[in-house]
Amino acid sequence: MTIDLRSDTVTKPSKGMLEAMFSAKVGDDVFREDPTVIELEEKTAKLFSKEAGLFCPSGTMTNQIAIKTHTQPGDEVLCDAAAHIYNYEGGGISFNSGAQAKLLQGDRGRFTAKQVEENINANFDWLTRTSLVCIENTVNRAGGSYYSFSQMKEISDTCKKHKLSYHLDGARIFNALTATKDKTSDVGLLFDSISVCLSKGLGTPAGSVLLGTKEFIQRARRVRKVFGGGMRQTGFIAAAGVYALENNINRLADDHRRAKLLGETIKSLPFVESMMPVDTNIVIFTLSDKMQSEDFVNKLAKQDIKASGFGKQTIRFVTHLDFDDAMLERTILVLKAM
Ligand SMILES: *Cc1c(COP(=O)(O)O)cnc(C)c1O
């Protein structure tokens, strides 16, 4: 058995998901004639109390479209130093929107309303106009940490007070809500726009949905076309999203349980120096000087376990729906024998 802990993006569609895809009703979505895409967009929007949705090929695209739709060139976007939109989207904030980022130093990727308040520029001609605040939940680079409802709400109140747009990079929002037990319908109300990823924990082959008001999504649809993201009979892929929303959310708790158990083993290994708290489905740990991440990854590869280095001494494991209890058991045995 091959075990892949590199990312929760490595999952393959299950039999049930494939069947849903094969039997999808489709049409040309650029003409708004694909019933399955419309179904997915409406279903996701309703879940988060939003008026409308926009199906896109990737989470990077939903985030970048949101930034482009919320800002003008020369504006400033407030985000955490660990943010995916800043670190892992190819410089898209400046490339696509001509905007710049101001990085806040949060607690494991989570900043506060007070930090937002302190970093809003005053209204002078020579200062950059602050127009957008982006949070990420859960925070990938910070080991899957999540925001509480009140933390998100306080930032929302601050944004309203200062007329800033508020975007949620929810690539792993269902992991966050599995941990906090907050309702999607309550969380959705806090934000002007939300990126919801279907191809990570939820296990579809591709796709993210951007959510917002009807007016916002109408403008975002134009930007999607300009970015080259207008797709045609994409209901085949959207059907996987509908299936995932119906079948793959409740099981995320299993991924969290398995990540916790992995963490307990890892913490006790003699060649592990430190580990971030395991809050959801991500385990990030740092090796001692005795072992470099490349050696560690190579040793695991020999045992048919794939992992990825996250820096010279650091490793990230991510649990997902193609990582079951038998694989967990085997991984723990291999780690203990190293
Ligand atoms: C993966 C990820 C994205 C973007 O996803 P892609 O679909 O790979 O473009 C955005 N934000 C976060 C936090 C992610 O982990």
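Remember, it's 1-based here, ligands and their atoms both numbered in the order they're listed.
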Next item on the list: Quick one: closest heavy-atom pair of Arg258 and Asp324, and the distance?
Entry: NE-C, 3.7 Å
Check: Quick one: which ligand 1 atoms are inside 4.0 Å of a heavy atom on Ser58?
Finding: 7 (O), 9 (O)
Next item on the list: Decide whether an N or O pair under 3.5 Å exists between Arg172 and ligand 1.
Entry: yes
Check: Looking only at heavy atoms, is any part of Asp169 under 4.0 Å from ligand 1, and if so is it the side chain, the backbone, or both, or is it neither?
Finding: side chain
Note to self: Among all protein heavy atoms in this structure, tell me which lies nearest to atom 1 (C) of ligand 1, with the distance rounded to 0.1 Å.
What the structure shows: Lys200 NZ, 1.3 Å
Margin query: Please determine whether a side-chain nitrogen of the Lys or Arg among Asp295 and Lys299 lies less than 4.0 Å from a carboxylate oxygen of the Asp or Glu.
Written below: no
Note to self: Other members of the hydrophobic cluster containing Val318, with the 4.5 Å side-chain heavy-atom rule, please.
What the structure shows: Tyr88, Met276, Ile282, Ile284, Phe310
Notebook entry, point to check: Counting each atom of ligand 1 from 1 as listed, which ones have a heavy atom of Asn63 under 4.0 Å away?
Noted result: 10 (C), 11 (N)
Item checked: Atom of His256, atom of Asn281 and distance for their closest heavy-atom approach -> CD2-N, 3.7 Å
Margin query: Going by the rule side chain to side chain contact (heavy atoms under 4.5 Å, CB included), which residues pair with Ala239 if we only count those two or more places apart in sequence or in a different chain?
Written below: Ala24, Thr36
Margin query: Using a 4.0 Å heavy-atom cut-off, which part of Met61 comes near ligand 1: side chain, backbone, both, or neither?
Written below: neither
Next item on the list: With heavy atoms of Glu136 as the reference, note each atom of ligand 1 found under 4.0 Å away.
Entry: 13 (C)
Note to self: Return the closest protein heavy atom for atom 10 (C) of ligand 1 as residue, atom name and distance.
What the structure shows: His84 ND1, 3.3 Å
Notebook entry, point to check: Which ligand 1 atoms does Glu89 reach within 4.0 Å, using its non-hydrogen atoms?
Noted result: 10 (C)
Item checked: Residue Thr60 vicinity, atoms of ligand 1 by number, heavy atom under 4.0 Å -> 4 (C), 5 (O), 6 (P), 9 (O)
Notebook entry, point to check: Can you tell which part of Ala171 has a heavy atom less than 4.0 Å from ligand 1: side chain, backbone, both or neither?
Noted result: side chain
Next item on the list: Decide if the gap between the ring center of Phe323 and the ring center of Phe317 is smaller than 6.0 angstrom.
Entry: no
Margin query: Contact between ligand 1 and Arg141 is defined here as a heavy atom of the residue under 4.0 Å from a ligand atom; is it met?
Written below: no
Next item on the list: Give a yes or no on this: more than 12 heavy atoms of other residues, nucleotides or ligands lie within 6.0 Å of atom CZ of Phe95.
Entry: no
Next item on the list: For residues Asp279 and Thr138, determine if any side-chain heavy atom of one lies less than 4.5 Å from a side-chain heavy atom of the other.
Entry: no
Item checked: Shortest protein heavy-atom distance from atom 7 (O) of ligand 1, along with the residue and atom involved -> Gly59 N, 2.8 Å
Note to self: Rounded to the nearest 0.5 Å, what separates atom CD in Gln292 from atom CD1 in Ile315?
What the structure shows: 10.5 Å
